[in-house]
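See below for the structure under consideration.
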Amino acid sequence: PVAERTLVLVKPDGVRRGLSGEILRRIEAKGYTLRAVRLLRPTSEVLHQHYAEHEGKPFFEPLVEFMMSGPVLAVVAEGEGVVPGFRSLAGATNPTEAAPGTIRGDLGRDWGTKVVQNLVHGSDSPESASREISLWFPEL
Ligand code: DAT
Ligand code: MG
């Protein structure tokens with residue numbers, strides 16, 4: 001059987017603040033394997049597909065714009081339970097509420113922006129993971 005995989009994005013705030021290495025370090029320290037890593041500037045088309053479930057919400061367009069504000073580090077991480085495992089490493093969506101010990105809780109905060117800038121994305125289910133991995137890494 002193919003090992004479980006998830007899609008992680010280090011968002012533009014994480015790359016800009018120089019936290020890519022720290023975030024990759026936490027993924028590896030947890031025992032997951034980095035299967036693919038790419039630094040890129042995502043297109044509006046990819047982001048509209050990636051965040052399709054949020055279309056129509058008030059933060060949707062600001063979210064797409066924020067995700068285009070700088071390079072993003074796209075990562076495929078692999079290992080047993082990596083989908084929920086990375087979500088728990090990432091912490092709650094709102095970095096103010098995210099528990100200490102998590103990426104968002106330790107490294108993020110509220111900057112008073114329209115969109116929550118919370119450093120990372122992680123797939124929320126195995127189905128989302130396979131859809132998102134095909135979108136960001138069509139060659140995998
Ligand atoms: P998560 O990234 O934890 O899966 P999500 O899928 O609900 O959260 O939302 C996608 C991103 O959109 C999230 O990482 C940050 C932003 N966001 C979510 N809810 C928001 C809100 N109420 N106000 C501003 N930005 C929000
Ligand atoms: Mg989500």
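The structure presented is a predicted model; accordingly, all values stated were derived computationally and were not measured. Both counts, for ligands and for their atoms, begin at 1 and track the order of listing. Note: hydrogens, waters and symmetry copies are ignored here, and every other heavy atom, side chains too, is used. Residue numbers run from 1 in the order of the sequence given.
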Exercise. Considering heavy atoms of the protein only, find what lies nearest to atom 13 (C) of ligand 1 and give residue, atom and distance to 0.1 Å.
Key: N118 ND2, 3.6 Å

Quiz item: Do the side chains of K11 and V120 get nearer than 4.5 Å, heavy atoms only?
Solution: no

Quiz item: Without hydrogens or angle criteria, can the side chains of R5 and S130 be said to hold a donor-acceptor pair below 3.5 Å?
Solution: no

Quiz item: With the threshold set at 4.0 Å, does a side-chain nitrogen-carboxylate oxygen contact exist between E139 and R38?
Solution: yes

Quiz item: How close does the nearest protein non-hydrogen atom get to atom 21 (C) of ligand 1, and which residue and atom is it?
Solution: F59 CD2, 3.6 Å

Quiz item: Got the closest protein heavy atom to atom 4 (O) of ligand 1, with its distance?
Solution: R87 NH1, 2.8 Å

Practice problem: Please work out whether the ring planes of F59 and H54 are parallel, tilted or perpendicular, with thresholds of 30° and 60°. | Solution: tilted

Quiz item: Between S123 and E132, does any side-chain donor sit less than 3.5 Å from a side-chain acceptor?
Solution: yes

Practice problem: Mark the output for H121 as yes if a heavy-atom distance to ligand 1 is under 4.0 Å, and as no if none is. | Solution: no

Self-check item: Side chain, backbone, both or neither: the part of Q117 lying under 4.0 Å from ligand 1 by heavy atom
Solution: neither

Practice problem: Answer side chain, backbone, both or neither: which part of K114 comes under 4.0 Å from ligand 1, heavy atoms only. | Solution: backbone

Quiz item: Does the N or O separation between V116 and ligand 1 drop below 3.5 Å for any pair?
Solution: yes

Quiz item: Heavy-atom distance under 4.5 Å between the side chains of V72 and P12, does that happen here?
Solution: yes

Taking only distance into account, with no hydrogens and no angle test, what donor-acceptor pairs under 3.5 Å do side-chain atoms of residues 21-28 form with protein atoms, sequence neighbours excluded?
from : atom 1 : to   : atom 2 : distance (Å)
E22  : OE1    : R25  : NE     : 3.3
E22  : OE2    : R25  : NH2    : 3.2
E22  : OE2    : R26  : NE     : 2.7
E22  : OE2    : R26  : NH2    : 3.2
R26  : NH1    : D106 : OD2    : 3.1
R26  : NH2    : D106 : OD2    : 3.2

Practice problem: Write out the residue and atom name of the closest protein heavy atom to atom 6 (O) of ligand 1, then the distance separating them to 0.1 Å. | Solution: H54 NE2, 2.8 Å

Self-check item: Contact check, K11 vs ligand 1, heavy-atom distance below 4.0 Å
Solution: yes

Would you give me the side-chain donor-acceptor pairs under 3.5 Å for residues 82-100, sequence neighbours excluded?
from : atom 1 : to   : atom 2 : distance (Å)
R87  : NH1    : G122 : O      : 3.0
S88  : OG     : G85  : O      : 3.4
N94  : OD1    : T96  : N      : 2.9

Quiz item: Where the closest heavy atom to atom 1 (P) of ligand 1 is concerned, which of V120, T113, T93 has it?
Solution: T93

Quiz item: How close does the nearest protein non-hydrogen atom get to atom 2 (O) of ligand 1, and which residue and atom is it?
Solution: R104 NH2, 3.3 Å

Exercise. May I ask you to identify, for H50, whether its side chain, its backbone, both or neither come under 4.0 Å of ligand 1 on a heavy-atom basis?
Key: neither

